[in-house]
Amino acid sequence: MAIGFSQQQRASQVQAQRLSQKQIQSLNLLSMNAEDLRDEILAQVEKNPALEIVSDDFQNGLQSARYKKSPDSNIRVGSASSSGEEKSDAFQEILESRADERKSLFSHLTEQLNFLSLDEDKKNLCQKLIGNLDSRGFFILAPSSLLDQTKGESPKLLDECLSLIQSFDPPGICVENVEKSLLLQARLKGSAPQAALFLLDGHFDFLDPPQGGKVLEKIQAFVKEQEKLKFGNQDYSFLKSLSVSDAEEALSFIRTLDPFPAREFLQEETRYVSPDIYVERIQGQEFDSKEAVDLKNKSVCLDEDYFFKVKISDKAIPRLRIASDFSFAKSELGQAKIFLESLEYRENTMAKAALAIVQRQAEFFKKGPGHLLPLRQQDLAEEIGVHESTVSRMASSKYLQCQWGLFPIKYFFSSAVSDSSKESVLHQIKKILENNSGKKMSDQKLSDELLKAGIKVARRTVAKYRAQLNIDSSYTR
């Protein structure tokens, strides 16, 4: 059999989509957190004279070469002699060469943990909690975001581990903030005046100003307000007999507490996590209809009594504009405009995504951890009209701050069914069957319908959930 070879020349047209410079830059900026974005902005301002920094809150008034100059007559400049500088440098060298023999907070807490005989699950979660503390002893991320449900870590186990770490030395660590730390310290001491516990437990604002007479006036006003309420869960009768001396005693006790209990430990280099998105719950009604989203005002309404406001963090981000005195090449001017447009795209995309997350995860923002619904990045991308990879970039290394704590944005995405979302799946199954009451839907068909809603559930799991709802199979319905 002979094999022949021949060459043929064919013309074909291939359509390829290439990203423009603006698209590439927009996606790069979108993937950055606030700290990285700040560095990028400063780098762009440094190399492109067409860009000018208008204001920069992060600098706290300090000016750079690209800032608008404003004279300050209050500045005083001094100088030191050469011999004085040598002595100062020598003294500084001695201080810096001396080893800091203090322990770090992480090492101190880990040593205490290792002395205890704990099962592996509890010890692992305790280690994560210790690693989640900043140099002050306070949470970096919301503790609930550390739970790994695939390993069976439950909210109950979290509470046990929190109580355990909070019993360690120094007292007052493993909490959210200064107020919680002081309250924990007061409770651990066991000798706190009742008035001091009251002030630290949700009434911290009564301490401003910290004067016995003023504090007592606020306590008495609070008692009168409580008496007007028909229903109350707590007994505040002990507050009625308080005197100025009692208030002074409470203040004296609170002054013995340390607002930063971990300050005596070695300060390790820590990269603090800061929120990129803030979600604030505000009382009142901003919309005419329920379930409304207002992109312009970055608000979403989930209830008749309150709405949620979304804010993109700009504390570390300098505000830019085209330099007013710019008269350079058109290419630099064009690049500056593209950069400003890319910054605007980043903020708008993050705002759209945040509003969509709040709306899709309404139960979480209303009730807190344990109420997340399954949500895929693909579903969010379709809702806000972008590619799934854009949502992935937006969620990467960014954090959202709400009333329930600080959470990685990726925390809100999940296609798997967890215990916290089981009830929502049961509700969804029931809803699908009610909407298709005239049809016999198999468990596989139910699974397919759930997947369309962004909920990935196996057919066998659907059958189990259907049985729990006391709904017969499609063969007997």
Side-chain angles (χ1 to χ4, degrees), residues 33-35 58 60 95-96 98-116 118 122-147 153 157-192 196-197 199-205 207-208 210 250-275 315-316 369 399 401-408:
N33 58 26
E35 185 176 345
F58 192 77
N60 293 324
L95 290 178
E96 293 177 352
R98 183 177 180 180
D100 192 338
E101 298 177 353
R102 295 177 298 167
K103 291 180 182 177
S104 68
L105 178 65
F106 180 84
S107 300
H108 184 63
L109 296 177
T110 301
E111 286 181 4
Q112 295 175 72
L113 179 65
N114 291 337
F115 275 115
L116 302 177
L118 304 174
K122 183 174 285 189
K123 186 169 185 178
N124 287 338
L125 186 52
C126 283
Q127 288 174 334
K128 285 196 284 187
L129 285 171
I130 291 173
N132 187 46
L133 302 179
D134 61 22
S135 60
R136 302 166 300 173
F138 301 158
F139 299 140
I140 297 175
L141 297 178
S144 56
S145 68
L146 304 177
L147 287 177
E153 295 178 351
L157 178 64
L158 177 62
D159 289 340
E160 293 174 358
C161 293
L162 282 170
S163 297
L164 182 61
I165 303 299
Q166 287 170 355
S167 68
F168 285 3
D169 178 76
I173 49 95
C174 203
V175 291
E176 299 171 24
N177 50 39
V178 171
E179 185 176 349
K180 299 290 186 183
S181 176
L182 296 176
L183 177 61
L184 176 59
Q185 292 175 55
R187 287 173 173 169
L188 290 173
K189 280 195 172 186
S191 58
L197 292 173
L199 290 168
L200 295 175
D201 192 5
H203 306 95
F204 202 67
D205 56 318
L207 298 172
D208 185 17
L251 287 172
S252 297
F253 175 84
I254 292 173
R255 291 189 183 100
T256 65
L257 308 176
D258 190 343
F260 303 108
R263 72 172 90 202
E264 297 302 322
F265 291 88
L266 176 64
Q267 302 297 307
E268 297 179 312
E269 287 189 10
T270 307
R271 184 185 178 97
Y272 290 104
V273 174
S274 59
K315 291 181 180 178
Y399 296 83
Q401 175 78 54
C402 64
Q403 68 183 104
W404 308 110
L406 183 65
F407 298 87

Engineer: Donor-acceptor check, side chain of Asp134 to backbone of Ile140, threshold 3.5 angstrom: yes or no?
Structural biologist: no
Engineer: Do Ser107 and Phe265 have side chains that get closer than 4.5 Å, going by heavy atoms?
Structural biologist: no
Engineer: Is there a side-chain contact between Leu164 and Leu118 (heavy atoms, below 4.5 Å)?
Structural biologist: yes
Engineer: Apply the side chain to side chain contact (heavy atoms under 4.5 Å, CB included) test between Leu257 and each candidate in Leu182, Val178, Leu184; give the one that qualifies.
Structural biologist: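 Among Leu182, Val178, Leu184, the one meeting side chain to side chain contact (heavy atoms under 4.5 Å, CB included) with Leu257 is Leu182.
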Engineer: Is Leu199 close to Phe204 at the side-chain level, that is, under 4.5 Å between some pair of heavy atoms?
Structural biologist: no
Engineer: Below 4.5 Å, heavy atoms only, C-beta onward: do Glu153 and Lys128 meet side chain to side chain?
Structural biologist: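 Yes. Closest side-chain heavy atoms under 4.5 Å.
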Engineer: Does any non-hydrogen side-chain atom of Glu160 lie less than 4.5 Å from one of Leu125?
Structural biologist: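 Contact flag for Leu125/Glu160 side chains = no.
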Engineer: Going through the checks in order, is the side-chain contact (heavy atoms from CB on, under 4.5 Å) test met by Lys189 and Thr256?
Structural biologist: CA-CA 11 Å; Lys189 280 195 172 186; Thr256 65; 3.3 Å; yes
Engineer: Are any non-hydrogen side-chain atoms of Pro170 and Leu105 less than 4.5 angstrom apart?
Structural biologist: yes
Engineer: Any side-chain heavy-atom pair from Ser135 and Phe260 closer than 4.5 angstrom?
Structural biologist: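 Answer no - side chains too far apart.
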Engineer: Would you verify whether the NZ or CZ of Lys180 falls within 45 degrees of the ring axis of Phe139 while also being under 6.0 Å from that six-membered ring's centre?
Structural biologist: no
Engineer: With rounding to the nearest 0.5 Å, note down the distance linking CG in Asn114 to CD in Gln127.
Structural biologist: 7.0 Å
Engineer: For the residue pair Tyr399 and Asn33, establish whether any side-chain heavy-atom pair is separated by less than 4.5 Å.
Structural biologist: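 Heavy-atom side-chain distance check fails, nothing below 4.5 Å.
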